[in-house]
Number of protein chains: 2
Amino acid sequence: MPGHHSARSRRPTERKGDVRERAILDTCEALLAQKGYDAMTVGDIAQGAGITRGALYFYFGSKQEVVTALVARTVEHLWERSRVTAQADEPRQAITAAMRRTVELWNEHGLVMRTAIDLSLTVPEIGELWNHTADLFITAITTVLERAGVQPGSEPDQASAMARALCWMIERTFYHASQESRETLQEASATCEHIWLTTAGLTS
Amino acid sequence: MPGHHSARSRRPTERKGDVRERAILDTCEALLAQKGYDAMTVGDIAQGAGITRGALYFYFGSKQEVVTALVARTVEHLWERSRVTAQADEPRQAITAAMRRTVELWNEHGLVMRTAIDLSLTVPEIGELWNHTADLFITAITTVLERAGVQPGSEPDQASAMARALCWMIERTFYHASQESRETLQEASATCEHIWLTTAGLTS
DNA sequence: ATAAAAATCGACATAGTGTATAGTTTTGGG
DNA sequence: CCCAAAACTATACACTATGTCGATTTTTAT
């Protein structure tokens, strides 16, 4: 494996390869939207990026590696966003803020997020990335629940376990809704928020 | 297309082909557990069922058709089970009963159910089967919620929308938990049940 | 300007899918 | 018991996609 992203990522000047690599990922994302993962071939990606198949294999070892890199890029963006966002102390506000942010993320990156979820089983590396992301959310939700008075702990009716279930609810609901329209996503968000609030004991 | 399941399904005597067809689906299920969908080849399935590749194509037109038939078989079993089960009138009992039944279904058919979910995107027919199944559950949950006093309707905080979110929560939670162990699944079930009860306004 | 590193190309080998065909065995209803 | 349909076998083929390789060209740093 010759030149690879992480190894080349912090160079003084930008290599030509860095541009190509980005072009490959961008093309991959576009094709994912057009034809989906299965229908998209390595040749398609290469062509879209303006190079031959052979050249693409200089950058990535396989189709899966390309998509993994794309997911990694997106997911890093999610982490960034989560880290930066201010965490409200008041549970009710925290929940509303979190849901609004989640809607934004799905609106911007829904396609790649759905792809990541779909490939979590088949591509272990993507599975790990997505699991880690989910864990971040679960931890955040747990904190909010505890602050709202839910008993801490991992028993079925305590904060940790409930946060996990809520996380999966949001993931799946958004997964489906983001395929429809922005309005659907917005409504789905409201529903999830309501359930989260109720679960936290903050009956509105 | 020579002999096909649905066309041959209700014959007086059982043809030999019916047995083989079942053998193919059984092998498919076993291989799915061993190596997963992608790694499993048509040749593998044929070999496992004791026939040649050519013979398999006598029964099914493609690998996807085989898996679709397997999903259809399983899903029909789910519908059967749902229809037969008595529906309790009292919401609290209905919820407990539903969750117990769901645990049983995932314990028995978790593998195929997970496969169905994974392939819902790529194989439209499987997607339809699973969607229909989900709709059945959503309807059932809606009924229970309404009976528990949740306002009917499809606005974000009304029964229909909330039932959908709860359904996805259960699906995803069980999807993950059923990969772990029976105990994990049991605990996950308890958590979902608790959230469902809370959402229905039946604080325990 | 030049040599090493990076990037690219095109040919090749491989594996899996689905089709087709020609012939063989099994089976079940009359 | 017999014969037509059903259920195969064996084999070959066309096709598509993947991934590898060595040769060659282009960049980049000095």
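Quick caveat: nothing in here was measured; it's all calculated off a predicted structure. Just the heavy atoms: all of them, side chains too, but no hydrogens, waters or symmetry mates, feed the values below. Throughout, a chain's letter reflects where its sequence line sits, starting with A, and its residues are numbered from 1.
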For atom [atom1] of [X] and atom [atom2] of [N], their distance in whole Å:
| X | N | atom1 | atom2 | value |
| --- | --- | --- | --- | --- |
| B:F60 | C:dT17 | CZ | C1' | 17 Å |
| A:E65 | D:dT18 | CD | C1' | 14 Å |
| A:K63 | D:dT16 | NZ | C1' | 12 Å |
| B:L31 | C:dG16 | CG | C1' | 15 Å |
| A:Y59 | C:dA6 | OH | P | 11 Å |
| A:R15 | D:dT26 | CZ | C1' | 13 Å |

Residue whose closest nucleotide on DNA chain D lies nearer the 5' end, A:Q64 versus B:L56: B:L56

If I take atom CG from residue B:D26 and atom CD from residue B:E29, how far apart are they, to the nearest 0.5 angstrom? 7.0 Å

Let me confirm one number: the CG-OG1 distance from A:L197 to B:T199, rounded to the nearest 0.5 Å. 11.0 Å

State whether the distance check finds a donor on one side and an acceptor on the other, under 3.5 Å, for side chain A:R53 versus base D:dG19. yes

Measure from the side chain of [X], starting at C-beta and using heavy atoms only, and say which of [options] lies closest.
| X | options | value |
| --- | --- | --- |
| A:Y57 | C:dG18, C:dT8, D:dT20 | D:dT20 |
| B:F58 | D:dA6, D:dT28, D:dA12 | D:dA6 |
| A:S62 | C:dT8, D:dA12, D:dG19 | D:dG19 |

Considering only heavy atoms from C-beta outward, does the side chain of A:L56 approach that of A:V66 to under 4.5 Å? yes

Got B:E65 and B:Y57 here, is their nearest side-chain heavy-atom distance under 4.5 Å? no

Could I get the full list of side-chain hydrogen bond (donor to acceptor under 3.5 Å, both in side chains) partners for B:S82, not counting sequence neighbours? none

What are the residues of residues 36-51 of chain B, sorted by number, that bring a heavy atom to within less than 4.0 Å of DNA chain D? B:G50, B:I51

Name each donor-acceptor pair under 3.5 Å that joins a side chain in residues 150-158 of chain A to protein atoms two or more places apart or in another chain, with its distance.
{"from": "A:Q158", "atom 1": "OE1", "to": "A:S154", "atom 2": "N", "distance (Å)": "3.4"}
{"from": "A:Q158", "atom 1": "OE1", "to": "A:E155", "atom 2": "N", "distance (Å)": "3.2"}

Check salt bridge (charged side-chain N to carboxylate O under 4.0 Å, His left out) between A:E171 and all other residues, then give those that pass, not counting sequence neighbours. B:R172

Shorter than 3.5 Å, N or O on both sides, protein versus nucleotides 20-26 of chain C: list them out with atom names.
none

Please state whether the phosphate of D:dT9, meaning OP1 or OP2, lies under 4.0 angstrom from any side-chain nitrogen or oxygen of B:T52. yes

Sorted by chain and residue number, the ring pair (Phe, Tyr, Trp, His ring centres under 6.0 Å) partners of B:W168 (sequence neighbours excluded) come out as A:H176

